[in-house]
Amino acid sequence: MLCGHNVAGHMVVFLKDLLRLFNIYSNRQGLHSDCRQRRAVSMNCQATVENSVVSGNRMLVVVPPHPLIKHWISVLRNEQTPCPVFKNAMAELGRLLIYEASREWLPTISGEIPSPMGVTTVEFIDPREPIAIVPILRAGLALAEHAPSVLPAMNTYHLGIGRNEETLQPSVYLNKLPDKFPEGSRVFVVDPMLATGGTVVAAIQLIKDRGVDNKQIKVIAAVAAPPALQKLSEKFPGLHVYAGILDPTVNEKGFIIPGLGDAGDRSFGT
């Protein structure tokens with residue numbers, strides 16, 4: 001049984017509880033070789049947006065239990081899904097996760113405007129407050145594709161980080177981050193697969209070096225696994241991670257099991 005905060009019917013799960021659950025299942029069931037066991041892990045790890053819960057210096061892992069999120073994850077899981085459909089599913093999943101992650105996090109301004117039937121009080125996203133999306137290439141482009149439809153005022157900064165297939169170490173090949181982010185920036189780091197954690201850790205460190213605090217960064221991922229979550233928790237306390245689903249295992253090649261394969265290859269067919 002996971003321990004967490006229950007707010008308005010939603011549960012927020014902290015990393016230590018997730019890792020404890022994964023360890024229990026790993027010790028009892030090996031590598032989770034059958035589908036029934038994997039479903040049990042997924043169902044027990046579900047959590048939703050924190051809704052004003054204060055996490056202090058603990059990292060929060062949020063898995064919104066929306067049926068559309070489950071649907072698009074299922075489409076992505078299917079090895080028969082063709083590239084165009086896969087890319088669209090990734091974009092739709094990203095839209096939903098960014099929507100959830102931005103809840104109660106975006107700056108707003110209020111005022112009065114005339115409606116067709118009279119003057120009314122309204123609230124808008126404040127376009128003066130800096131909001132940034134940082135997709136990690138290539139697959140991050142697909143997951144962040146619909147971000148502009150969710151966030152009315154945002155800037156996109158591309159970050160290309162490859163992974164050495166032998167050492168699994170990250171290597172930056174494209175960096176379009178600003179020298180320094182504007183004060184108060186809120187940054188969404190979009191990386192579909194949080195497996196070993198090397199890529200996302202390197203990306204967040206580059207962002208922090210440019211003046212952004214841990215609590216002003218949220219990570220958006222399709223699938224996350226314990227090795228990446230452990231590294232993020234150790235290096236960036238207070239970080240929030242929003243994922244479509246949590247998987248229990250990473251293999252010797254650095255791929256999440258069961259995962260959904262290579263998200264970049266399957267999104268773009270190359």
Side-chain angles (χ1 to χ4, degrees), residues 1-5 10-27 29 31-32 37-38 40-50 53 55-65 69 73 76 93-94 97-98 100-101 134 136 139-140 143 161 163 168-170 187-208 214-260 263:
M1 193 72 176
L2 286 179
C3 299
H5 290 274
H10 292 162
M11 186 171 70
V12 176
V13 178
F14 295 105
L15 178 64
K16 64 177 182 179
D17 303 306
L18 294 175
L19 294 177
R20 178 169 56 83
L21 180 69
F22 282 130
N23 288 335
I24 290 171
Y25 270 82
S26 296
N27 292 334
Q29 309 293 346
L31 294 179
H32 305 273
Q37 292 164 351
R38 288 196 291 264
V41 172
S42 296
M43 287 188 291
N44 280 293
C45 288
Q46 285 181 349
T48 63
V49 20
E50 60 272 27
V53 171
S55 62
N57 286 327
R58 290 179 290 179
M59 189 180 83
L60 288 183
V61 181
V62 183
V63 182
I69 290 177
I73 285 290
L76 294 169
L93 176 65
L97 291 173
I98 292 170
E100 291 289 352
V134 180
I136 300 178
L143 194 61
I161 302 180
R163 185 175 70 174
L168 303 183
Q169 295 303 306
V187 181
F188 294 91
V189 179
V190 183
D191 187 7
M193 310 299 289
L194 303 184
T196 63
T199 299
V200 70
V201 165
I204 293 176
Q205 190 58 59
L206 287 171
I207 293 167
K208 283 180 59 63
N214 293 348
K215 294 183 180 180
Q216 294 300 100
I217 301 171
K218 291 191 177 184
V219 178
I220 307 296
V223 186
L229 296 177
Q230 183 70 55
K231 286 182 182 178
L232 288 172
S233 178
E234 292 171 354
K235 292 180 176 295
F236 309 113
L239 188 73
H240 290 191
V241 176
Y242 285 74
I245 198 164
L246 304 176
D247 278 353
T249 307
V250 174
N251 68 14
E252 67 280 359
K253 294 183 178 180
F255 282 93
I256 298 175
I257 306 299
L260 47 84

Check: Lys218 side chain, Ala101 main-chain N or O, donor-acceptor pair, under 3.5 Å: yes
Run the side-chain contact (heavy atoms from CB on, under 4.5 Å) check on Asn214 and Lys235 step by step: do they pass? CA-CA 10 Å; Asn214 293 348; Lys235 292 180 176 295; over 6 Å; no
Step by step, would you call Phe236 with Val201 a side-chain contact (heavy atoms from CB on, under 4.5 Å)? CA-CA 9 Å; Phe236 309 113; Val201 165; 4.1 Å; yes
Given side chains that start at C-beta, do those of Asp191 and Ile161 come closer than 4.5 Å, heavy atoms only? no
Between Ala243 and Ala224, what is the shortest heavy-atom contact and its length? CB-CB, 4.2 Å
Go through Val241 and Met59 one step at a time and tell me if the side-chain contact (heavy atoms from CB on, under 4.5 Å) criterion holds. CA-CA 8 Å; Val241 176; Met59 189 180 83; 4.1 Å; yes
In Å and rounded to the nearest 0.5 Å, what is the CD1 to CG distance from Ile245 to Leu93? 10.0 Å
Closest approach of Pro226 to Asp247 (non-hydrogen atoms, all atoms of both residues): CD-O, 3.2 Å
If you measure from CD1 on Ile207 to CD on Gln205, what distance do you get to the nearest 0.5 Å? 10.0 Å
Find out whether Leu76 and Val223 are in side-chain contact, i.e. whether some heavy atom of one side chain is under 4.5 Å from a heavy atom of the other. no
Shortest non-hydrogen separation from Leu143 to Pro192 and the atoms involved: CD2-CA, 3.8 Å
Candidate pair Leu206 and Val134, rule side-chain contact (heavy atoms from CB on, under 4.5 Å), full reasoning: CA-CA 11 Å; Leu206 287 171; Val134 180; over 6 Å; no
Minimum heavy-atom distance between Ala195 and Gly254, given as atom pair plus value: CB-O, 3.4 Å
Close side-chain approach of Lys231 to Val200, heavy-atom, < 4.5 Å: no
Minimum-distance pair of heavy atoms, taken over all atoms of Ala203 and Ile136: CB-CD1, 3.5 Å
